[in-house]
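Here's the structure, in structure tokens; my notes come after.
For reference, positions follow the sequence shown, starting with 1. As the structure lists them, so they are numbered: ligands from 1, and atoms in each ligand from 1.
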Amino acid sequence: MVATPLGNLADITLRALDILRFVDAVACEDTRHARRFLDHHGIRAATFALHEHNEQEATAKLIDLLGQGKAVALISDAGTPAISDPGARAVAVVQAAGFQVIPLPGPNAMATALSASGITDPHFLFVGFLPSKPQARRAEIERLKDIDAALVFYEAPHRISETVADLAALLEADRQLVVARELTKLFEQIVRLPLAEAPGWLAGDSNRQRGEFVLIVSASAQRSDLGGEAERVLRLLLAELPELPTKQAAKLAAEITGAAKNELYQRALAIKSDAR
Ligand code: SAM
């Protein structure tokens with residue numbers, strides 16, 4: 001399983017290039033797309049298509065090659081295969097047939113976006129693509145609302161406006177949205193803004209609706225492992241005494257409420273970061 005670039009062709013590991021040069025064949029989502037990438041790196045391996053519409057037959061071919069003692073790499077059009085991309089079923093079948101599957105780490109849009117998101121929540125849930133039909137999409141967002149974690153979505157340009165509108169309408173207004181667009185490409189853009197302001201921001205310039213998107217919604221500040229009283233006192237101290245060092249605010253809130261000082265400190269950092 002070989003991860004390939006999200007856009008910038010230089011984002012490929014030395015190990016991935018070695019393996020792609022070494023293997024007898026490359027199973028790929030789109031052979032023409034793969035050929036351009038392989039040619040760019042001077043890799044001559046034979047390719048065959050393995051995509052969501054032929055995964056079963058293509059996997060049978062893959063197993064046949066492995067049975068002949070050949071080595072096969074699996075790549076998708078961009079990023080890590082089997083993550084919102086074909087490959088997961090092939091892996092399961094290949095493993096069940098007794099062959100080893102070796103993952104090569106590399107580009108992934110979710111991890112790339114998260115790393116520069118400034119979202120400080122300790123947990124995140126990778127959702128991937130939401131359903132395309134409005135009713136199913138809204139039901140899914142409602143279901144995700146109660147999860148105490150940041151939410152990570154993939155979205156395409158033709159649905160970005162409706163998805164952001166639904167997120168803003170259905171999730172708490174105090175949550176932040178990170179729009180990570182065209183990562184690693186010429187028009188890369190990463191912005192963090194209050195969720196309620198996101199539909200207006202997107203509509204403000206049609207270029208902002210172009211390209212490929214990762215959306216990250218911060219966890220709800222209202223939902224925290226701290227008791228309601230501890231959260232209330234901490235927020236009050238931070239709001240009323242902005243000059244008070246964060247550590248001091250956490251210590252005071254701990255003394256007043258009996259909640260754990262360290263948890264209050266982590267929470268204070270998250271509240272301060274969300275407010276920026
Ligand atoms: N397997 C890929 C990965 O590891 O991230 C994801 C493939 S999925 C079919 C394609 C989606 O990933 C796009 O619609 C977009 O949401 C996200 N994506 C891929 N490349 C991106 C980029 N350069 N910038 C932002 N999002 C990207």
Show which side-chain atoms of residues 60-73 pair as donor or acceptor with protein atoms under 3.5 Å away, not counting sequence neighbours.
unit_1: Asp64; atom_1: OD2; unit_2: Gln68; atom_2: NE2; d: 3.4

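- Contacts of ligand 1 (protein heavy-atom distance under 4.0 Å) are Leu6, Ala78, Gly79, Thr80, Ile83, Ser84, Asp85, Asn108, Ala109, Phe129, Tyr154, Glu155, Ala180, Glu182, Leu183, Lys185, Glu212, Phe213, Val214.
- Salt bridge annotation for Glu142-Arg138: absent, with no cationic side-chain nitrogen under 4.0 angstrom from a carboxylate oxygen.
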Under 3.5 Å donor-acceptor pairs involving side-chain atoms of residues 200-212, not counting sequence neighbours:
unit_1: Asp205; atom_1: OD1; unit_2: Asn207; atom_2: N; d: 2.9
unit_1: Asn207; atom_1: OD1; unit_2: Arg210; atom_2: NH1; d: 2.6
unit_1: Arg208; atom_1: NH1; unit_2: Trp201; atom_2: O; d: 2.7
unit_1: Gln209; atom_1: NE2; unit_2: Leu202; atom_2: O; d: 2.8
unit_1: Glu212; atom_1: OE2; unit_2: Lys185; atom_2: NZ; d: 3.0

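- Hydrophobic clustering, defined by side-chain heavy atoms of Ile, Leu, Val, Met, Phe, Trp and Tyr closer than 4.5 Å, groups Leu186 together with Phe187.
- In plain terms, the two heavy atoms of His53 and Glu57 that are nearest each other are O-OE2, 4.3 Å.
- Between Arg232 and Glu229 a salt bridge is recorded (basic side-chain N to carboxylate O distance below 4.0 Å).
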